[in-house]
Amino acid sequence: MNYWLFKTEPAECSMDDFVRAASTPIVWEGVRNYQARNFLRDQLAVGDQVFIYHSSCKDIGIAGIAQVTRAAYPDPSQFDVTSSYFDPKASADNPRWVAVDLTFVRKLPQLIRLDKLKSLATLIELPLIRKGNRLSVMPVTRAEWQTILALT
DNA sequence: GCCAACGTTGGC
DNA sequence: GCCAACGTTGGC
């Protein structure tokens, strides 16, 4: 089993949306970066654990945990002309982008703030806190996962 | 295959 | 809203 961190803008999809969805999977679509896609497509497996990170908002940080309940499949939004994620270069027999399903595990009792994460020497390798990082799906090592969980 | 121009991300 | 940093595009 592997560990990951997914960024999301809470205005789009927040940890509270997972809370409300309870046992209903949330379709994680709209990833449009090749490196992130490759992680989704090649390495995300059912049962993997995912930190849900809130970006571009007032309270930036890790808000909770979800797990992968369906591995990669073609992202439906790439075929949807009404979606902002529509990709004219994608076709049903040659999809470019993939989605996974995530299911709620738990919300953290309090948000782990970005500045807190940045303050820990053991997390300097985490892509999230590297300057200029733009990955929206990134691997988290077991050690990093445990370090972060220990903050709660 | 290079690389300039452009668009996007995301913290501040 | 700013802007640094990065990824993507497309002409050559």
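Labels below follow one simple rule: chain letters A, B, ... track the order of the sequence lines, proteins then strands, and each chain is numbered from 1. Remember, it's a predicted structure, so these values are computed and weren't measured experimentally.
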Computed from five pairs at either end and rounded to 10 degrees, the angle between the axes of the helix from B/dG1-C/dC12 to B/dC12-C/dG1 is 10°
Enumerate donor-acceptor pairs with a distance under 3.5 Å from any side-chain N or O in residues 56-71 of chain A to protein atoms, sequence neighbours excluded.
unit_1, atom_1, unit_2, atom_2, d
A/Asp59, OD1, A/Arg113, NH2, 3.1
A/Gln67, OE1, A/Gln49, NE2, 3.3
A/Thr69, OG1, A/Thr103, OG1, 2.7

5' to 3', nucleotides 1-8 of chain B under a 4.0 Å protein heavy-atom cut-off (B base, S sugar-phosphate only, - none) gives ------BB
Whole angstrom value for the distance that separates [atom2] of [N] from [atom1] of [X]:
{"X": "A/Glu9", "N": "B/dT9", "atom1": "CD", "atom2": "P", "answer": "8 Å"}
{"X": "A/Arg130", "N": "B/dG10", "atom1": "CZ", "atom2": "C1'", "answer": "17 Å"}
{"X": "A/Lys7", "N": "B/dT9", "atom1": "NZ", "atom2": "P", "answer": "10 Å"}
{"X": "A/Lys131", "N": "B/dG11", "atom1": "NZ", "atom2": "P", "answer": "13 Å"}
{"X": "A/Arg113", "N": "B/dC12", "atom1": "CZ", "atom2": "P", "answer": "12 Å"}
{"X": "A/Gln35", "N": "B/dT9", "atom1": "CD", "atom2": "P", "answer": "15 Å"}
{"X": "A/Met138", "N": "B/dG10", "atom1": "CE", "atom2": "C1'", "answer": "12 Å"}
{"X": "A/Ile62", "N": "B/dG11", "atom1": "CD1", "atom2": "P", "answer": "12 Å"}

- Query: Is a donor on one side and an acceptor on the other found under 3.5 Å between the side chain of A/Asn33 and the backbone of A/Ala36?
  - Reply: yes
Parallel, tilted or perpendicular: which one describes the rings of A/Trp28 and A/Phe6, with boundaries at 30° and 60°?
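Plane angle between 30° and 60°, so tilted.
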* **Those residues that, when tested against A/Phe79, pass ring pair (Phe, Tyr, Trp, His ring centres under 6.0 Å) (two or more places apart)** =>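 Here no residue qualifies.
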Counting only non-hydrogen atoms, which of residues 83-90 of chain A are less than 4.0 Å from DNA chain C?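 Listed by number, they are A/Lys89.
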Minimal heavy-atom distance between A/Trp145 and A/Val50, with the atoms involved, is CH2-N, 3.7 Å
May I ask you to decide whether A/Asp75 forms a salt bridge with A/Arg96, counting only side-chain N to carboxylate O separations under 4.0 Å? no
May I ask you to say whether A/Lys118 pairs ionically with A/Asp115, meaning some side-chain N is under 4.0 Å from a carboxylate O?
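Result for this pair is no, no salt bridge flagged.
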In the single-linkage hydrophobic clustering (I, L, V, M, F, W, Y; side-chain heavy atoms under 4.5 Å), do [X] and [Y] co-cluster?
{"X": "A/Leu151", "Y": "A/Ile129", "value": "yes"}
{"X": "A/Leu114", "Y": "A/Ile112", "value": "yes"}
{"X": "A/Leu44", "Y": "A/Val31", "value": "yes"}

Sorted by chain and number, sequence neighbours left out, side-chain hydrogen bond (donor to acceptor under 3.5 Å, both in side chains) with A/Arg142 holds for A/Tyr3
* Could you check whether A/Lys58 gets within reach of a base, just the sugar-phosphate, or nothing at all, counting any heavy atom under 4.0 Å? =>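 The residue A/Lys58 makes no contact with any strand.
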If you compare every side-chain N and O of A/Tyr53 against the phosphate oxygens of B/dT9 (OP1, OP2), does one of them come in below 4.0 Å?
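No.
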